[in-house]
Amino acid sequence: MITHYFLEDNQLTITEDIKKSLWLHVEKPTAAEIELLSQKYELPKDYLTSILDDNENARAEGLQQEKFLIPVLLLLQFPYVSTSPSGYLQFNTYPLAMIITPQKRLITVCNYHMPFFKDILENPLPKNDMSSKLNLVLQILWHLALTYNQDLADLRRQVDKLEGQIQVSTENKHLYQLMDIQKSLVLFEAATKANFQTLTRLADTSEFQEHHAYHIHLHDILVETKQSMTSAKINLQLVSQMNETFSAIVSNNLNIVMKILTSLTIVLTIPTIVGGVYGMNVKLPFAESDNAFFLISGITIVICYLAIKYLKKRNLL
């Protein structure tokens with residue numbers, strides 16, 4: 001689907017007038033739409049088809065020019081929340097193609113809905129001396145970097161909550177959830193690292209080096225991206241260590257339960273043995289007494305008590 005936006009009072013608005021459009025956003029493009037855009041804006045087809053591969057790495061093309069006189073491609077990874085096969089929250093990363101055309105137009109193409117898309121439309125673009133096109137580009141990059149940090153904060157909260165639950169857990173479901181978090185962090189670390197390298201290449205271009213405002217805004221984005229890259233790396237290391245620790249905790253909790261059940265089985269076996277002995281048709285102590293039942297029951301209770309006390313002393317119950 002192709003949607004055109006133009007800028008009015010620093011606010012992005014949908015327009016049907018293609019000539020007025022500043023931003024052309026394409027989501028889930030069809031083969032016909034890709035062919036149309038490629039011909040109309042004289043774009044290499046791989047600029048548009050790259051987003052169809054979910055595993056496409058971040059990269060940049062066309063940045064070697066001093067001025068953006070031919071289309072420039074920035075292919076970045078953005079986070080996308082989903083549900084894992086095990087049924088827990090998981091974050092994936094998918095490619096976003098940002099094409100800066102010489103005709104003062106920005107074209108973005110993605111195969112999944114960008115989570116920060118609504119924020120871009122609702123918040124007005126900041127007023128500055130930058131061109132509207134590059135101002136919009138930097139705003140999209142800024143929201144992209146912020147989204148990573150917000151999602152990383154969500155993942156950290158999940159880990160903290162999981163840490164409290166797993167201390168008394170004997171089930172594998174928490175380990176599955178931890179595995180999904182670990183997978184998300186692996187994807188985040190790789191994506192933010194690739195994004196940082198691509199944005200660094202953009203910062204080194206003449207267009208951004210010569211314009212102070214562009215350089216300052218892109219520097220802030222690089223700092224935010226660097227922060228998310230470092231946070232993903234640290235959290236991944238912590239989760240990897242916690243995964244081993246939690247596996248040991250779950251195993252230990254299960255051993256404790258089995259130890260208690262085994263000890264209780266031993267204690268409950270005592271009355272069975274005594275009852276079996278006195279069920280034999282032979283002469284036994286107290287068998288002829290009128291209070292035989294109470295005497296035998298009392299002795300059995302005493303033996304069970306002594307057994308429980310012994311097991312507790314040995315930390316077996």
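The side chain to side chain donor-acceptor pair (under 3.5 Å) analysis of residues 112-121, with sequence neighbours excluded, yields the pairs E27-H113, D54-Y112.
The side-chain contact (heavy atoms from CB on, under 4.5 Å) test with W142 singles out one residue from L146, I140, L138, and that residue is L146. If you run side-chain contact (heavy atoms from CB on, under 4.5 Å) between M98 and each of L136, L144, L76, only L76 comes through. When each of V109, I107, T3 is paired with L24, the side-chain contact (heavy atoms from CB on, under 4.5 Å) condition holds for I107 and for no other. Residue N235 is tested with E189, R156, Q182 for a side-chain hydrogen bond (donor to acceptor under 3.5 Å, both in side chains); the sole match is R156.
L238 belongs to a hydrophobic cluster whose remaining members, ordered by chain and number, are I234; membership requires side-chain heavy atoms of ILVMFWY residues under 4.5 Å apart, directly or through intermediates.
Smallest separation of non-hydrogen atoms from L187 and T93: O-CG2, 4.0 Å. Among all heavy-atom pairs drawn from P271 and L268, the shortest one is CD-O, 3.3 Å. I99 and P71 get closest at one heavy-atom pair: CG2-CB, 4.2 Å.
Atom CG of D46 and atom CD of E56 lie 8.5 Å apart (nearest 0.5 Å). Separating the NZ atom in K233 from the CG atom in L185 is a distance of 13.5 Å, to the nearest 0.5 Å. Between the CG atom in N92 and the CZ atom in F78 there is a gap of 10.5 Å [rounded to 0.5 Å].
Comment: E224 does not engage K226 in a salt bridge, judged by the lack of any side-chain N to carboxylate O separation of less than 4.0 angstrom.
One side chain, H25 or T108, offers a donor N or O that lies under 3.5 Å from an acceptor on the other.
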